[in-house]
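Atom set for the values below is all heavy atoms of this structure, side chains included, hydrogens, waters and symmetry mates excluded. Numbered from 1 within each chain, the chains take letters A, B, ... in sequence-line order.
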Number of protein chains: 2
Amino acid sequence: MEPDRQKFLAYLAGQGLKSTRQRDIIFDAFRSDGSHVSTEDLYLKIRRDHPGIGYATVHRTLKLFTECGLAEERHFGDGQVRYEWVAGKEHHDHLVCVRCGAVSEFEDEDIEALQQRIARRYGFTMTSHRHELYGVCSSCGGED
Amino acid sequence: MEPDRQKFLAYLAGQGLKSTRQRDIIFDAFRSDGSHVSTEDLYLKIRRDHPGIGYATVHRTLKLFTECGLAEERHFGDGQVRYEWVAGKEHHDHLVCVRCGAVSEFEDEDIEALQQRIARRYGFTMTSHRHELYGVCSSCGGED
DNA sequence: TTTAAATTGATATCCGTTTTCACTTTTGGA
DNA sequence: TCCAAAAGTGAAAACGGATATCAATTTAAA
Ligand SMILES: [Mn+2]
Ligand SMILES: [Mn+2]
Ligand SMILES: [Zn+2]
Ligand SMILES: [Zn+2]
């Protein structure tokens with residue numbers, strides 16, 4: 001079995017939670033399209049093939065993915081939480097197009113190191129960070 | 001007259017808006033304590049001396065300050081918008097203590113330059129960015 | 001199979017933000 | 001100074017995404 005699914009099932013078992021048909025469906029749907037989707041996004045996508053699955057269940061299941069480390073929440077300032085499948089991905093930060101909403105990813109170890117140095121200078125034990133660049137992407141015409 | 005107030009009055013005039021007693025009061029209160037306050041924070045503070053001023057007016061006036069560039073919105077992930085008086089301050093980013101909520105400020109021109117380089121590499125016209133370090137501040141005991 | 005515990009999905013509730021609207025205030029011209 | 005048009009105010013309602021509720025259903029261990 002794939003290690004991601006394994007991890008999810010292990011988390012459920014460890015918490016005394018149950019494996020269900022809905023959770024399997026949501027797992028598959030999210031894993032195959034887990035790039036910065038909102039609960040609404042994923043709910044609407046799933047509903048096409050599985051009309052019975054409720055919004056609340058999608059919401060709760062995304063929280064479960066987050067709790068067990070398979071997913072992370074993203075907040076890009078448009079007032080809704082987005083979720084990203086992070087299993088097997090390196091840490092990265094984001095560029096967000098303010099015109100079309102496209103999200104790109106970047107990683108820069110120099111910045112990461114500088115951040116750590118700043119935290120240390122402030123006697124700060126850094127547990128996480130958020131770094132987002134907002135602007136106009138190339139296909140939205142950064143030239144005009 | 002102070003240039004900040006001047007700027008505000010000029011903005012109002014330019015937009016066909018009016019100068020009011022309430023806006024003056026909110027201007028003074030916010031300018032003298034405009035460090036990452038929520039609308040609620042400022043409303044409660046103002047209400048002590050001016051019980052007649054409504055939450056909606058505080059909200060609308062903070063938006064005006066933001067529109068004219070005297071203030072900026074901050075989103076530190078606790079679900080409420082905070083406002084900061086930025087007139088006369090240099091650009092900076094933030095360290096946020098996840099335990100006590102304290103906010104410190106930092107600026108690092110190396111990071112700023114690296115950011116610009118990344119944006120350029122992606123053909124991205126960067127208009128703003130958000131960079132926050134989350135963790136435990138020194139007085140909350142990063143040692144335990 | 002039995003049964004206790006967890007899950008589900010429709011719906012209600014929460015809570016910060018924003019809008020509404022009847023009344024008041026500002027402001028520029030008469 | 002007075003007037004009228006336009007904007008502002010504050011209490012309350014509406015909004016919207018996230019979360020909680022609860023009766024019915026499903027899971028899984030015995
Ligand atoms: Mn990402
Ligand atoms: Mn600041
Ligand atoms: Zn774009
Ligand atoms: Zn602290």
Got a sec? Which of residues 35-52 of chain A come in under 4.0 Å of DNA chain C, heavy atoms?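 Per residue number, the list reads Gly52(A).
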Are His36(A) and His94(A) near enough that their ring centres are under 6.0 Å apart?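 Yes - the distance between ring centres of His36(A) and His94(A) falls below the 6.0 Å cut-off.
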Rounded to the Å, how far apart are [X] [atom1] and [N] [atom2]?
{"X": "Arg23(B)", "N": "dA7(D)", "atom1": "CZ", "atom2": "P", "result": "11 Å"}
{"X": "Ile25(B)", "N": "dG8(D)", "atom1": "CD1", "atom2": "C1'", "result": "14 Å"}
{"X": "Leu12(B)", "N": "dG8(D)", "atom1": "CG", "atom2": "C1'", "result": "11 Å"}

Counting distance only, does the side-chain N/O of [X] pair as donor-acceptor with the main-chain N or O of [Y] below 3.5 Å?
{"X": "Arg99(A)", "Y": "Cys140(A)", "value": "yes"}
{"X": "Thr127(A)", "Y": "Tyr134(B)", "value": "yes"}
{"X": "Thr57(B)", "Y": "Ile53(B)", "value": "no"}
{"X": "Arg130(A)", "Y": "Phe76(A)", "value": "no"}

Side chain to side chain contact (heavy atoms under 4.5 Å, CB included) with Phe65(A): which of Tyr83(A), Tyr11(A), Phe27(A)? Phe27(A)
Check against salt bridge (Lys or Arg N to Asp or Glu O under 4.0 Å), Asp41(A) and Arg82(A): CA-CA 9 Å; Asp41(A) 289 340; Arg82(A) 293 174 180 280; 3.5 Å; yes
May I ask you to say whether Lys89(B) pairs ionically with Glu84(B), meaning some side-chain N is under 4.0 Å from a carboxylate O? yes
Between Lys45(B) and Asp49(B), is there a salt bridge with N-O shorter than 4.0 Å? no
Nearest heavy atom decides the nucleotide; on that basis, is Arg21(A) or Gly16(B) closer to the 5' end of DNA chain D? Gly16(B)
What range of DNA chain C does chain A touch, first nucleotide to last, counting atoms under 4.0 Å from its heavy atoms? dA5(C) to dA10(C)
Is the phosphate of dG10(D) approached by Gln22(B) (side-chain N or O, under 4.0 Å from OP1 or OP2)?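 Looking at the OP1 and OP2 atoms of dG10(D), one of them is under 4.0 Å from a side-chain N or O of Gln22(B).
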Parallel, tilted or perpendicular for Tyr43(B) and Tyr55(B), by the 30°/60° rule? perpendicular
Strand contacts (DNA chain D) in residues 57-74 of chain A, 4.0 angstrom heavy-atom criterion: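 Under 4.0 Å from DNA chain D: His59(A), Arg60(A), Lys63(A).
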So for the helix from dT1(C)-dA30(D) to dA30(C)-dT1(D), with five pairs setting each end axis, what is the inter-axis angle to 10°? 20°
Got a sec, which residues hit side chain to side chain donor-acceptor pair (under 3.5 Å) with His59(B), two or more places apart in sequence or on another chain?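 For His59(B), no residue satisfies side chain to side chain donor-acceptor pair (under 3.5 Å) once neighbours in sequence are set aside.
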Polar side chain donor-acceptor pair, His92(B) to Glu107(B), under 3.5 angstrom: no
Applying side chain to side chain contact (heavy atoms under 4.5 Å, CB included) to Glu112(A) and not counting sequence neighbours gives His91(A), Asp93(A), Gln115(A), His129(A)
